[in-house]
Amino acid sequence: MSTTVFDFGRNRQNVDAVFKALESSLARMPPDRSGSVEATPSSPADIALGSADASPEVFVSYAWGGESEALVDRLERVFAARGIAVVRDKHALGYKADIHAFMQRLGRGRCVIAVIGDKYLRSPHCMFELMQVAARGDFQDRVFPVLLDDAKIQRAAERVRYVQHWEAQIRELDEALKTVSAADLKGFREEIDLYTEIRRTIAELTAILRNMNTLSTQMHSETDFVALVDAVSARLTARS
């Protein structure tokens, strides 16, 4: 059966639901004549990157550079000392690797550490990763946030500024698109759909993060991230 599925904007969640339903249905099919159940073909991303549940991996979502990346470097060493692999884009992605597929893989991760600062909340790549985690369900169980001091999400007025940022991004791109022909704009339309989806979900996601006792970066640093490592280890152990 040849089928084309488009996953622009919020339809991505619908596409995920369709494939989950198909996989569930195929799993219930009776054995074929050889006595084995026909396997569901793996996606190119799974073939290239492996299953998110294959080993006790911990994914990390962060903005490159500055305090965020320095903190992730330290986290990598702390988790390695406990025998836990930290999967991050700079190490997991080779030359010409599919960045979008990696972000989707991260979204399926059992444990995702999100190092969230102001730059993160204004980054389309970072916000896409966070939305991928949320779209897969169990957001509060699977995400382990570390909030940097410049992530201004405690007050509603501060969170509104991030909504304003994404509305400005939408307007800027929308106005730019009006200056060119409407033909052959694939890629641009997907980007404006992404901005729109971030604008739609950022208020809810930041409200959830605000309500979690994430501890300060100073507290994490002084204890060598023991609370974070223990929480992640407990989640990984509960898997079995």
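Along the sequence shown, the residues carry numbers beginning at 1. Reckoned from all heavy atoms, side chains included, excluding hydrogens, waters and symmetry mates.
E172 is linked by a side chain to side chain donor-acceptor pair (under 3.5 Å) to nothing, counting only residues two or more places apart in sequence or in another chain. D230 is linked by a side chain to side chain donor-acceptor pair (under 3.5 Å) to R82, counting only residues two or more places apart in sequence or in another chain. With sequence neighbours excluded, the residues forming a side chain to side chain donor-acceptor pair (under 3.5 Å) with D73 are R88, listed by chain and number.
S68 places none of its side-chain heavy atoms less than 4.5 Å from the side chain of K119. Counting heavy atoms from C-beta outward, V133 and F139 have side chains that approach closer than 4.5 Å. In this structure, the side chains of L228 and V146 come closer than 4.5 Å at one or more pairs of heavy atoms. Put simply, the side chain of H100 does not reach to within 4.5 Å of the side chain of R105, judged on heavy atoms. At a threshold of 4.5 Å between non-hydrogen side-chain atoms, the residues I153 and L121 count as touching. The shortest distance between side-chain heavy atoms of V86 and F59 does not fall below 4.5 Å. Between Y195 and R199 there is no side-chain heavy-atom pair separated by less than 4.5 Å. At a threshold of 4.5 Å between non-hydrogen side-chain atoms, the residues S61 and Y120 count as touching.
Follow the hydrophobic side-chain contacts under 4.5 Å out from V226 and you never reach V115; the two are in separate clusters.
Distance CD1/I202 to CE/M127: 4.0 Å, rounded to 0.5 Å. Atom CD of E190 and atom CG of L185 lie 11.0 Å apart (nearest 0.5 Å). Atoms CG and CE, from D98 and M103 in turn, are 8.5 Å apart once rounded to the nearest 0.5 Å. If you take CE on M131 and OG1 on T201, they are separated by 5.0 Å, rounding to the nearest 0.5 Å. Distance NZ/K152 to CG/L147: 11.0 Å, rounded to 0.5 Å. For the atom pair OG1 (T223) and CG (L215), the distance works out to 7.5 Å, reported to the nearest 0.5 Å.
Between D150 and Y162 the shortest heavy-atom distance is O-OH, 3.7 Å. Here the shortest heavy-atom pairing between C126 and Y62 reads SG-O, 3.5 Å. Nearest heavy-atom pair, M212 versus P145, reported as atom, atom and distance to 0.1 Å: CE-CD, 3.8 Å. Nearest approach of I170 to T196, heavy atoms of both residues: CD1-CA, 3.7 Å. Across all non-hydrogen atoms, the minimal contact from L236 to E57 is CD2-O, 4.2 Å. The shortest heavy-atom contact between T206 and A203 is OG1-O, 3.1 Å.
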| query | Between I113 and F225, does a side chain to side chain contact (heavy atoms under 4.5 Å, CB included) hold up when you go through it step by step? | reply | CA-CA 12 Å; I113 299 171; F225 299 93; over 6 Å; no
Test side chain to side chain contact (heavy atoms under 4.5 Å, CB included) on V60 and V112 and set out the steps.
-> CA-CA 6 Å; V60 61; V112 180; over 6 Å; no
* Walk me through it: do E158 and R161 pass the test salt bridge (Lys or Arg N to Asp or Glu O under 4.0 Å)? => CA-CA 5 Å; E158 294 173 330; R161 294 192 181 97; 5.1 Å; no
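Cluster partners of V160: none. The rule joins Ile, Leu, Val, Met, Phe, Trp and Tyr whenever side-chain heavy atoms lie under 4.5 Å apart, and it links nothing here.
Within 6.0 Å of CE on M219 lie no more than 12 heavy atoms contributed by other residues, nucleotides or ligands. Counting non-hydrogen atoms of neighbouring residues, nucleotides and ligands closer than 6.0 angstrom, the CD1 atom of I99 reaches no more than 12 such neighbours. Within 6.0 Å of NE2 on H125 lie no more than 12 heavy atoms contributed by other residues, nucleotides or ligands.
Here R171 does not pair with E175 in a salt bridge; the nearest charged N to carboxylate O distance is not below 4.0 Å. Ion pair K90/E69 flagged as a salt bridge, since at least one NZ, NE, NH1 or NH2 atom sits closer than 4.0 Å to an Asp/Glu carboxylate oxygen.
When atom types are taken as modelled, the side chain of S221 and the backbone of T217 share no donor-acceptor pair closer than 3.5 angstrom. When atom types are taken as modelled, the side chain of R235 and the backbone of R110 share a donor-acceptor pair closer than 3.5 angstrom.
For residues 121-142, the salt bridge (Lys or Arg N to Asp or Glu O under 4.0 Å) pairs, not counting sequence neighbours, are D118-R122. Residue pairs meeting the salt bridge (Lys or Arg N to Asp or Glu O under 4.0 Å) criterion with at least one partner in residues 202-224, sequence neighbours excluded, are R74-D224.
A side chain to side chain contact (heavy atoms under 4.5 Å, CB included) with L130 is found for one member of L106, I198, L205 and no other, namely L205.
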